Amino acid sequence: MPAVSASIKKMSTPQTTAESAKPAGDTSFFGHPKMLASLFSVEMWERFSFYGMQGILLYYMYFTAEQGGLSIDQGLAAGLVGAYGGGVYLSTILGAWLADRLFGSEKVLFGSAIMIMAGHIALALLPGIPGLIAGLVLVGIGSGGLKANATALVGTLYGEKDERRDAGFSIFYMGINLGGLIGPLVTGWLQTSYGFHIGFGAAAVGMAIGLVIYSLGRKRLPDEAHRVPNPLPAKDRTKFGLIFLGILIVVAVLLGTGLVDANNLASSMAYAAIGAAVIYLFLIFRSPLVTGLERKRVVAFIPLFIASAGFWALFQQQFTFIAVYSQEKLDRNLFGWEMPAAWVQSINPVFIIIFAGVMAALWTKLGSKQPSSPLKFSAGLLIMGLAFLAFIPLAGEGKTPLLALVGILFLFTLAELFLSPIGLSVSTKLAPQAFHTQMVALFFLSVSLGTTLAGILAGLYNPDDELPYFLGIGGVAVVLAVGLAAASPAIKKLMGGVR
């Protein structure tokens with residue numbers, strides 16, 4: 001078995017070096033490594049731009065031309081927003097592959113940030129459908145490249161057995177939500193006061209600030225952040241170049257012939273996410289660089305992937321169903337002033353900022369006694385189902401009180417804190433060494449599938465008969481949560497010592 005032994009040795013050496021490179025006493029940022037602050041900052045400003053843009057995106061699509069919008073059918077617009085969100089997470093595959101095989105996570109993150117800023121500029125300056133397409137393509141691909149690699153870079157700051165790891169990801173997640181809080185407030189106010197394109201321009205400025213701050217600290221990342229885990233041999237570069245070219249040709253043919261159009265884009269994106277996940281798992285299982293223990297850990301990740309997709313299918317309806325609900329059914333009157341509907345999307349980040357630190361402290365205090373990752377996933381999915389069931393008492397009523405929706409979004413937040421940062425963390429812990437960033441991309445594929453489903457499901461909502469929608473979606477989530485909890489002992493065994 002000399003080939004296998006050589007592969008194991010090749011993989012273990014970088015891990016050992018990376019572990020020894022992490023100073024045991026590096027607690028300069030709230031008890032965590034100093035570079036967490038730099039990654040916190042770039043992610044915060046990227047999220048400011050992303051959620052600021054997404055906060056007004058659906059309205060831009062379905063508002064009439066007199067209102068500054070594009071007059072797209074509301075149901076179709078919701079599906080397109082879901083497909084766009086799914087495409088963002090689907091593009092993490094490309095960003096992760098480029099990091100793991102060609103450039104390393106740090107360089108891909110930097111280039112992606114530049115692409116995001118260009119996309120927001122296109123939305124701000126180019127009118128109509130061409131500006132929408134150009135902006136969303138650039139922001140979508142750029143955000144996909146940044147997401148997986150920012151998460152992977154946070155993972156390089158901690159050893160596999162470092163008990164601060166989940167807490168560190170929770171702090172990082174607070175940065176995400178600080179940007180998510182401020183972005184919709186700024187762009188929502190600018191949109192109602194000065195128009196959509198000024199709002200999109202603010203998103204571009206936010207991304208530019210994040211890019212400058214990150215540029216000042218990027219060289220202080222550990223060596224592991226610049227390493228290419230599984231370099232692509234020079235002899236294979238032509239082959240992979242032709243593969244990517246073939247993919248582009250297939251996409252062009254599908255769009256050009258009308259086989260994929262605006263009406264079926266969401267379902268096509270869902271099938272693409274499922275297909276990509278299956279291919280990814282197949283490649284990981286077949287790779288000679290993956291050990292037997294690592295394969296078991298990947299098997300353990302599969303039920304977590306399914307639970308994550310179910311969770312995001314509900315949670316991401318903040319940008320589809322709840323966006324429409326906030327515009328049309330929510331009482332947004334505050335002392336005679338009507339709050340912009342986009343501001344509703346800042347409620348969840350407020351709760352995250354308040355409670356993310358509490359959850360991080362809780363996981364740190366519990367240490368090895370904290371619940372396993374599968375149980376945390378189960379709790380998040382259960383609470384998410386209960387949040388949709390909480391809409392039932394409001395069904396059929398007139399205007400929904402703002403405080404009622406605030407309470408439901410608090411449940412969204414609690415569910416998110418149990419699943420989302422833990423998902424980011426567990427994907428790095430279960431990842432084979434040769435597929436470190438790509439395993440994070442696999443987690444984001446579950447987010448892609450769920451986000452796309454959020455757009456599809458929103459099209460099923462009937463304001464004249466709301467009860468089946470809330471009962472069906474909430475009930476299915478609760479059933480999935482119970483099933484995952486029952487399977488958690490078996491999943492934990494496959495995780496091979498990873499919690």
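Atom set for the values below is all heavy atoms of this structure, side chains included, hydrogens, waters and symmetry mates excluded. As the structure is a prediction and not an experimental result, all values here were calculated from the model.
- Aromatic pair Tyr51/Phe319: centroids less than 6.0 angstrom apart.
- No donor-acceptor pair closer than 3.5 Å links the side chain of Ser105 to the backbone N or O of Leu153.
- Rounded to the nearest 0.5 angstrom, Arg297 CZ and Lys429 NZ are separated by 10.0 Å.
- Of all heavy-atom pairs between Val298 and Leu281, the closest is CG1-CD2, 3.6 Å.
- One distance of note links CD1 of Ile141 with OG of Ser91; it measures 6.5 Å at 0.5 Å rounding.
- Residues Tyr280 and Phe305 keep their aromatic ring centres 6.0 Å or farther apart.
- Looking at Phe311 and Glu416, their side chains come closer than 4.5 Å, going by heavy atoms from C-beta outward.
- Taking CG of Leu389 as the start and CG of Leu471 as the end, the distance is 6.5 Å to the nearest 0.5 Å.
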Notebook entry, point to check: Can you check side-chain hydrogen bond (donor to acceptor under 3.5 Å, both in side chains) on Tyr214 and Glu106, steps first, answer last?
Noted result: CA-CA 11 Å; Tyr214 177 72; Glu106 195 283 323; 2.9 Å; yes
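- In this structure, Ser308 contributes its side chain and Leu304 its backbone to no donor-acceptor pair below 3.5 Å.
- In summary, the side chains of Trp45 and Ser49 do not present any donor paired with an acceptor at a separation below 3.5 Å, with no hydrogens or angles considered.
- Side chain of Thr413 to main chain of Leu409: a donor-acceptor pair is present (N/O by atom type, distance under 3.5 Å, no hydrogens or angles).
- Ring to ring, Phe391 and Phe321 are close: their centroids are under 6.0 angstrom apart.
- Of the options Phe418, Phe410, Phe412, a ring pair (Phe, Tyr, Trp, His ring centres under 6.0 Å) to Phe355 is made by Phe410 and by none of the others.
- Closest non-hydrogen pair, Ala266 versus Gly79, comes out as CB-O, 3.7 Å.
- Side-chain contact between Phe285 and Glu294 is absent, with no heavy-atom pair separated by less than 4.5 Å.
- Residues Phe50 and Glu46 meet the side-chain proximity criterion, which asks for heavy atoms closer than 4.5 Å.
- You'll find the side chain of Tyr469 reaches within 4.5 Å of the side chain of Leu460, heavy atoms only.
- Looking only at distances, no side-chain donor or acceptor of Ser420 sits under 3.5 Å from a matching main-chain atom of Leu417.
- A donor-acceptor pair is defined here as one N or O able to donate and one able to accept, closer than 3.5 Å; no such pair exists between the side chain of Asn230 and the backbone of Phe435.
- Aromatic pair Phe240/Trp97: centroids less than 6.0 angstrom apart.
- Between Phe388 and Phe470, the ring planes lie tilted relative to each other; the angle falls in the 30° to 60° range.
- Looking at Leu181 and Ile353, their side chains come closer than 4.5 Å, going by heavy atoms from C-beta outward.
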